[in-house]
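Have a look at the structure below before the remarks.
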Number of protein chains: 2
Amino acid sequence: MAANRRPTLADVAKEVGVSAKTVSRVLNEDGPSSPQTRERVLAAVAKLGFQPNLMARNIRVGGPDTTVGLVVPDLGNPFFGTVASGIEDVVRSRGLTLLMGSSAEDPDREKALIQTFLARRVSVLMVVPAFGADHSHLKAPRTAGLPVVFLDRPGVGLSADCVVSSNRTGVHEGVSHLIARGHSRIGFIGDLPAKLYTQRERLAGYRSALAEAGLPYDRTLVTGAHSQDGAASETTALLNLPNPPTAIFAGNNMMALGVIAQLARARRKDIALITFDDLPLAEALEPALTVVAQDPATIGETAAKTALARLDGAHSRVRTIMVPTRLVIRGSSELLPHAARPTTARN
Amino acid sequence: MAANRRPTLADVAKEVGVSAKTVSRVLNEDGPSSPQTRERVLAAVAKLGFQPNLMARNIRVGGPDTTVGLVVPDLGNPFFGTVASGIEDVVRSRGLTLLMGSSAEDPDREKALIQTFLARRVSVLMVVPAFGADHSHLKAPRTAGLPVVFLDRPGVGLSADCVVSSNRTGVHEGVSHLIARGHSRIGFIGDLPAKLYTQRERLAGYRSALAEAGLPYDRTLVTGAHSQDGAASETTALLNLPNPPTAIFAGNNMMALGVIAQLARARRKDIALITFDDLPLAEALEPALTVVAQDPATIGETAAKTALARLDGAHSRVRTIMVPTRLVIRGSSELLPHAARPTTARN
DNA sequence: GTGAAAGCGCTAACAG
DNA sequence: CTGTTAGCGCTTTCAC
């Protein structure tokens, strides 16, 4: 249990009988070194279990730390986990390690986390902005050369690269699909009132699809909640409307769960449904769930590539990159509205 | 776009006209300082946007870096994401930041990641061991005082603290529940042959529940796959048996998805089902899915507390801590076996 | 209360 | 091919 000091470069040097710099050279394959010394250094390294102190190295080299700072609102959300996965896949080859933390959707906590990352001199900073957060405090670090990329939602108070899902287009496509099936009264249940960028965009997509089809926008069909149970209640409310919808679009995962649960409880198999964001069990539902699937891995990869390009000195204008969603038609969207339903079985 | 050097302690000192040490004192609230200097230092810090370089600090102080290294097999898996969330909740108050990486269930990649973390002098190391990985290389760092904790699965080749789900007991409870409902032929579909610790434990729980009830262990009822589709096929195979099971226990999430999908496709609503690990849509299925739920947040918290206790010098023997699972009875397990079928389970 | 010098572990810059 | 010196940004130690 002895707390032996971890060996240092000097320890290895002494063991071998060379200078510290020589050991450094061997380990970093910097400059030349004779096979023999090489051999003996490596042996000593193995014997002592030496591991170079990356902090000391980074500090001397002067550059940023070989880390990527990533702030997400919720570590347990698989969407962000998959985003992180995409980032790691890209930055790993550059020897960068992921520094991760959760803002818990709290601006203060986000800021504290970012400060910590800045103090650690991360190579790049990637942030999924918390609701209500401001990022003007990142101006100085950015000017000093720190690549900053926002993911999933644009940042506020700072002009920086941004990678988001094509929320608006995705919902537009989904709603158009329902309209093409004959639905004209389509409910929208989102995380409303829309405090979050993503929800605003998705609602806009809903509206644009209606407009494109020449359908009226009926405010009574648009509702929202902030929990699964809330979404369930809103589902009931929609279905109890004098002129109820024949189809529902759920604006995010949580809403989707509430809507699905409620439709199941109410045994309403006659309501068409599309949800935003895929779910693991989507295929096993009856009917299987049609979704507008996002591509979090690609979001992460794209953001990472963008950031690394900046790190390599890319000076192009800041961009907002849309990662396409994909309409996955499974079955829940194929139900025809009551009016159109009667006789003909669909193909 | 000028890449101005980030300001240093010396810059602040020069700005104020004091020594670097004075600035350091003010910032760390170490030693005394006159209100005036304090004031002026703080002003200069704000003006220059100075942020102390944590790497430099850590290197001088000599202790470990204020980071927690966490290795998981898959960043996109919400189970591990929630584990990470639990860890962060605990270590955040100590000012520790999460350094995270994915082994992709590859021992070599896991080892490389661990080496990187060691080189960064993480304060504690937490690992969800990849299948086939060996951890004897961690003996030296551990002896040198690095707390090491394994999560979800025990490590190999190293005696260290370990926090796992009560897999065996959890499955035992689930299977006993099915037996109590009158089922005597219960299929088990796992990630078999069981390469992973968790699967071995869960299978053991299955067997012990049968044994406890005096039921025979029928090998034809125990099967496995490594994919969702595989699980679906195995489900079909089980149901086509001459003497098929009336209930199925799915050994993990992936198996669960396959089984559920296949039962839905085959319209077999007469098969009781319990799966290990909860699913977001479990309540919305028909019938709602009974699960043996794990508690990943508690696993993470427990592991973090254990590691921090070691960091604080706890010298107790290494322990394996079981985090209880919870049988969540929803509906899919309440189906009774075909009344007509006599339970002639032999051979 | 404050400062000067030394040094954490490592590498850049120059020797030889 | 290898060693020496200096210094990254910070804190420790010891002075005043």
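In what follows, chains are A, B, ... by sequence order, proteins preceding strands, each numbered from 1. Only this structure's heavy atoms are used, side chains among them; waters, hydrogens and symmetry mates stay out.
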Side-chain heavy-atom pair A:Leu99, B:Leu98 within 4.5 angstrom cut-off: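 Sidechains of B:Leu98 and A:Leu99: no contact.
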DNA chain D contacts among residues 35-58 of chain A, heavy-atom distance under 4.0 Å: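 By residue number: A:Thr37.
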Strand contacts (DNA chain D) in residues 112-122 of chain A, 4.0 angstrom heavy-atom criterion: none
Selection: residues 9-30 of chain A, any non-hydrogen atom under 4.0 Å of DNA chain C: A:Leu9, A:Lys21, A:Ser24, A:Asn28
Greater than 12 external heavy atoms within 6.0 Å of A:Arg94's CZ: yes
Side-chain donor-acceptor contact under 3.5 Å, A:Asn167 with A:Ser165: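 Their side chains do not contain a donor-acceptor pair, so the 3.5 Å distance test is not met.
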Would you list the pairs meeting salt bridge (Lys or Arg N to Asp or Glu O under 4.0 Å) in which at least one residue belongs to [range], sequence neighbours left out?
{"range": "residues 52-71 of chain B", "value": "A:Arg120-B:Asp65"}
{"range": "residues 33-54 of chain B", "value": "B:Glu15-B:Lys47"}
{"range": "residues 69-84 of chain A", "value": "none"}

Nucleotide nearest A:Val61 (side chain, heavy atoms from C-beta), chosen from D:dC1, D:dG9, C:dA12: C:dA12
List for me each residue that meets side-chain contact (heavy atoms from CB on, under 4.5 Å) alongside [X], sequence neighbours excluded, and say none if there are none.
{"X": "B:Asp108", "value": "B:Asp106"}
{"X": "A:Thr320", "value": "A:Cys162, A:Val164"}
{"X": "B:Glu105", "value": "B:Pro73, B:Ala130, B:Phe131, B:Arg153"}

Whole-Å distance separating the CZ atom of A:Arg60 from the P atom of D:dC8: 7 Å
Please list every donor-acceptor pair under 3.5 Å in which a side-chain atom of residues 78-89 of chain A meets a protein atom from a residue at least two apart or in another chain.
residue	atom	partner	partner atom	Å
A:Thr82	OG1	A:Pro78	O	2.8
A:Glu88	OE1	B:Ser102	N	3.3
A:Glu88	OE2	B:Ser102	N	3.0

Side chains of residues 297-305 of chain B: which donor-acceptor partners sit under 3.5 Å, not counting sequence neighbours?
residue	atom	partner	partner atom	Å
B:Thr298	OG1	B:Asp295	OD1	3.0
B:Thr298	OG1	B:Asp295	OD2	2.6
B:Thr302	OG1	B:Thr298	O	2.6

Angle of first-five versus last-five pair axes in the helix from C:dG1-D:dC16 to C:dG16-D:dC1, to 10 degrees: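 Result, rounded to 10 degrees: 40°.
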Trace of the salt bridge (Lys or Arg N to Asp or Glu O under 4.0 Å) decision for A:Asp11 with A:Arg6: CA-CA 10 Å; A:Asp11 295 331; A:Arg6 300 275 284 271; over 6 Å; no
Under 4.0 angstrom between A:Thr8 side-chain N/O and C:dC8 OP1 or OP2: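 No, no such contact exists.
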Of B:Thr67, B:Val68, B:Leu138, the residue whose pairing with B:Leu125 passes side chain to side chain contact (heavy atoms under 4.5 Å, CB included): B:Leu138
